[in-house]
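Computed over heavy atoms, backbone and side chain alike; hydrogens, waters and symmetry mates excluded. So that the names make sense, note that chain A is the first sequence line, chain B the second, and so on, each numbered from 1.
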Amino acid sequence: MKDSFFRQVFWSRFRTNRFAMAGALLIVFLFLVSLLAPLITPYGPDDLDLYHVLMPPSGTHWFGTDDLGRDVLTRIIYGARISLKVGFVAVGIAVAIGTVIGLVSGYYSGRLDNILMRFVDIMLCFPTFFLILAVIAFLEQSIWYIMIIIGLTGWMGVARLVRAEVLSIRERDYVMAVRALGASDTRIIFRHILPNSLSPVLVSATLGVAGAILTESALSFLGIGVPPPTPSWGNILTAGKEYIEFAWWLTLYPGLAITVTVLAYYLVGEGIRDALDPRLKR
Amino acid sequence: MIAYLAKRILLLIPLMLGITLITFAVVHLAPGEPVEMQISMNPKVTAEARERLKKFYGLDKPLHVQYAVWVKKLAMLDFGRSFAPDNRPVIDKIRERIPITLSLNIISLVIEFGLAIPIGILAAIRRDTLFDKGMTVFVFIGFAVPTFWLALLLMYLFGVKLGWLPVSGLHSLGSEAYGSLRWLLDMAKHLLIPVSVAAFGSLAGLSRYMRSTMLDVIRQDYITTARAKGLPERTVIFRHALRNALLPVITLLGLSVPGLIGGSVIFETIFAIPGMGQLFYGGVMARDYPLVMGILVIGAGLTLIGNLLADLGYAFADPRIRHGQGS
């Protein structure tokens with residue numbers, strides 16, 4: 001993507017999309033909030049207060065307190081850190097693997113392509129959540145493992161996308177020209193093909209962040225995700241399920257946080273898609 | 001058509017082998033052994049007993065030998081015995097759970113497709129109306145809401161607050177004594193929340209997909225021709241456009257299988273439904289290798305078959321493929 005293209009065309013299109021801009025602002029807001037968490041919250045995420053357990057929302061605790069008297073709003077704000085981290089690292093891993101496999105597969109085609117794509121087919125057959133569960137449960141509970149495993153099970157879509165792009169770019173005249181000039185395969189792939197095949201990846205990565213956040217929260221909800229006492233939106237919900245009969249606020253607010261965040265990434269992802277290629281706009 | 005069919009079926013063999021290889025690798029390369037699990041609960045086990053236990057489960061042999069033994073048995077549909085204390089054949093355990101998960105998924109699939117297709121079509125032909133815009137918003141929310149959270153909220157609202165519906169299990173206590181009609185009604189009541197949440201989760205994506213394929217079709221020349229001939233709009237949409245717009249949906253049906261099976265873990269845990277997901281979760285926690293591997297292979301195999309059926313359905317429905325033109 002050329003610099004001028006980005007500024008003139010992409011940005012001017014993206015800016016006029018009200019939904020996408022709202023999503024982008026929301027993501028910026030979430031980043032700020034999670035960065036500044038210690039400054040904006042009067043409580044610590046692990047401050048116990050056994051005299052005020054399961055208190056409904058009030059002036060002192062806007063979102064109420066949990067079963068150990070911890071402030072729910074504070075824990076949700078700190079939980080945003082986990083979600084952002086998981087989303088970006090997991091998708092980073094998935095995009096890196098997917099891009100490499102897609103590039104190699106599309107550029108060299110033939111037998112190697114066939115083998116790699118069958119591998120993708122096989123990976124896509126597994127119910128992803130089962131695969132993640134099978135591995136995660138055998139490992140020590142840690143946020144790093146979660147990010148890695150979500151990344152390792154989420155690259156197949158990117159690989160297919162990149163491969164399709166490469167297949168069409170490979171035959172274009174400018175690639176022929178570079179090859180005729182004697183450029184090496186590596187140079188052609190990384191200098192000339194990769195930059196031109198990244199736009200669909202950008203869209204799928206943005207949507208992927210949303211998916212990774214959802215997966216992490218589901219894992220933490222099942223009790224095999226982010227280990228307590230570290231607050232994550234999913235593990236706050238675990239307590240929420242436990243006390244759903246007397247403490248609705250423990251369930252309502254963390255779930256809203258997930259929904260709003262995921263929604264923001266979807267809106268931005270769709271916005272990027274429309275801005276990159278208005279023909280696709282529907 | 002027959003050559004195509006043969007090719008597809010032959011391709012199943014390497015894919016199935018790949019599935020077993022990945023399954024085996026995932027389960028065996030992860031740290032922590034099933035034997036350790038049993039020992040940690042009982043510190044009095046000696047080193048010798050531990051070796052005996054390993055030998056009993058065949059875990060003392062090198063990995064490639066273990067794999068070969070396992071695959072050879074799989075080829076004869078022998079999934080081995082569970083490591084759990086009951087030591088029952090894995091296939092029996094799966095067989096009693098699979099109907100529950102499958103029927104739950106089929107019911108939600110029917111609801112999902114039944115709602116998403118008309119919604120998508122309506123949104124496409126009434127493009128940019130209030131209905132279309134409302135649906136777009138609904139779709140985005142549907143994408144973003146974590147299904148397990150929605151399940152919790154509905155449980156709270158209908159189960160706890162209003163008390164209209166039961167919140168867990170498949171049957172009420174003492175339902176064995178009910179007449180068959182009452183028994184069925186009782187089960188339907190138990191299934192209402194899980195099934196609607198499951199359907200809602202994928203409704204969004206499908207209806208959006210349906211809308212965009214329908215929009216694609218409507219733009220084609222032959223639709224313009226049909227309109228130019230003076231056919232009523234109803235005929236144009238339902239006789240000419242709909243058929244082609246429905247084709248890609250067949251493929252989607254096959255693709256949605258793994259997601260549904262994977263999602264069952266969460267639903268079955270929340271609602272205490274004794275299905276495959278719950279079985280798998282328990283197996284994973286107890287490091288029950290044969291059970292975990294068996295479910296992974298069956299889950300992936302079901303997806304493979306689902307995709308094949310979808311592709312065949314597509315080939316059958318699309319005359320371009322049926323008559324051997326095109327790809």
Side-chain angles (χ1 to χ4, degrees), chain A residues 19 23 115 118-119 121-140 152-153 207 210-211 213-215 217-219 221-224 233-234 237 240-241 244-246 248 250-252 254-267 269-270 280 282, chain B residues 11 14-16 18-19 21-23 26-27 29-32 127 140-141 143-150 152-153 155-156 159-161 167 208 211-212 215-216 255 257-266 269-270 277 280-281 283-285 287 292-293 295-296 299-304 307:
Chain A
F19 285 113
I115 293 175
R118 291 299 80 75
F119 181 52
D121 288 347
I122 291 169
M123 286 296 289
L124 282 173
C125 278
F126 286 100
T128 316
F129 204 76
F130 273 27
L131 211 53
I132 294 176
L133 209 63
V135 182
I136 288 277
F138 290 121
L139 299 167
E140 201 185 314
L152 285 179
T153 49
L207 302 180
I213 291 176
L214 279 176
T215 308
S217 63
L219 286 171
F221 175 70
L222 286 178
I224 48 176
W233 294 339
L237 278 171
K241 188 197 175 211
I244 195 162
E245 284 173 53
F246 357 89
W248 53 266
L250 261 184
T251 297
L252 183 69
L256 269 182
I258 301 173
T259 308
V260 169
T261 309
V262 170
L263 190 61
Y265 281 98
Y266 271 124
L267 292 176
E270 293 268 321
L280 292 177
R282 268 152 193 169
Chain B
L11 193 64
L15 287 179
M16 212 49 216
I19 287 173
L21 199 62
I22 291 177
T23 300
V26 160
V27 171
L29 296 182
R127 200 181 169 199
F140 272 114
I141 294 174
F143 266 129
V145 172
T147 43
F148 62 93
W149 179 58
L150 191 64
L152 284 180
L153 288 183
M155 242 166 98
Y156 175 73
V160 179
K161 256 276 118 110
V167 292
R208 186 137 182 102
R211 174 179 180 270
S212 68
L215 280 179
D216 269 348
L255 285 177
V257 175
L260 285 170
I261 298 178
S264 64
V265 177
I266 301 172
T269 313
I270 295 181
F280 185 76
Y281 185 69
V284 160
M285 285 306 168
R287 290 186 179 36
V292 171
M293 293 198 296
I295 295 180
L296 276 177
L302 280 180
T303 309
L304 208 57
N307 286 343

Which pair of heavy atoms, one from [X] and one from [Y], lies closest together, and at what distance?
X        : Y        : answer
B/Pro146 : A/Thr259 : CD-OG1, 3.4 Å
A/Ala134 : B/Leu296 : CB-CD1, 4.3 Å
B/Ala300 : A/Pro127 : N-CD, 4.2 Å

#### Entry: Test item: B/Tyr281 side-chain N/O and B/Ile266 main-chain N/O as donor-acceptor pair under 3.5 Å
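Looks like no, no N/O pair under 3.5 Å.
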
Against chain A, label [X] side chain, backbone, both or neither, depending on which of its atoms sit under 4.5 Å from a heavy atom there.
X        : value
B/Thr23  : both
B/Phe148 : side chain
B/Ile270 : both
B/Phe280 : side chain

Checking [X] against chain B: side chain, backbone, both or neither under 4.5 Å from a heavy atom?
X        : result
A/Ala210 : neither
A/Ile213 : neither
A/Ile136 : neither
A/Phe221 : side chain
A/Leu256 : both

### Results of side-chain hydrogen bond (donor to acceptor under 3.5 Å, both in side chains) for B/Asn307 - residues two or more places apart only
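Checked B/Asn307 against side-chain hydrogen bond (donor to acceptor under 3.5 Å, both in side chains); zero matches.
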
For residues 260-267 of chain A, which side-chain donor-acceptor pairs fall under 3.5 Å, sequence neighbours excluded?
residue	atom	partner	partner atom	Å
A/Thr261	OG1	A/Ala257	O	2.7

### Task
Side-chain contact test, heavy atoms from C-beta onward, threshold under 4.5 Å: evaluate it for B/Val292 versus B/Arg287 and give yes or no.
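Contact flag for B/Val292/B/Arg287 side chains = no.
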
### Query
Highest number of heavy-atom pairs under 4.5 Å with chain A: which of B/Val145, B/Val26, B/Leu21, B/Leu152?
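Going by pairs under 4.5 Å, I would pick B/Leu152.
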
### Message
side chain to side chain contact (heavy atoms under 4.5 Å, CB included), that's the test. Do A/Leu252 and B/Tyr156 meet it? Break it down for me.
### Response
CA-CA 10 Å; A/Leu252 183 69; B/Tyr156 175 73; over 6 Å; no

### Task
For each of A/Asp121, A/Ile224, A/Leu222, tally heavy-atom pairs with chain B at distances under 4.5 Å, and name the one with the top tally.
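Ranked by heavy-atom pairs under 4.5 Å with chain B, first place is A/Leu222.
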
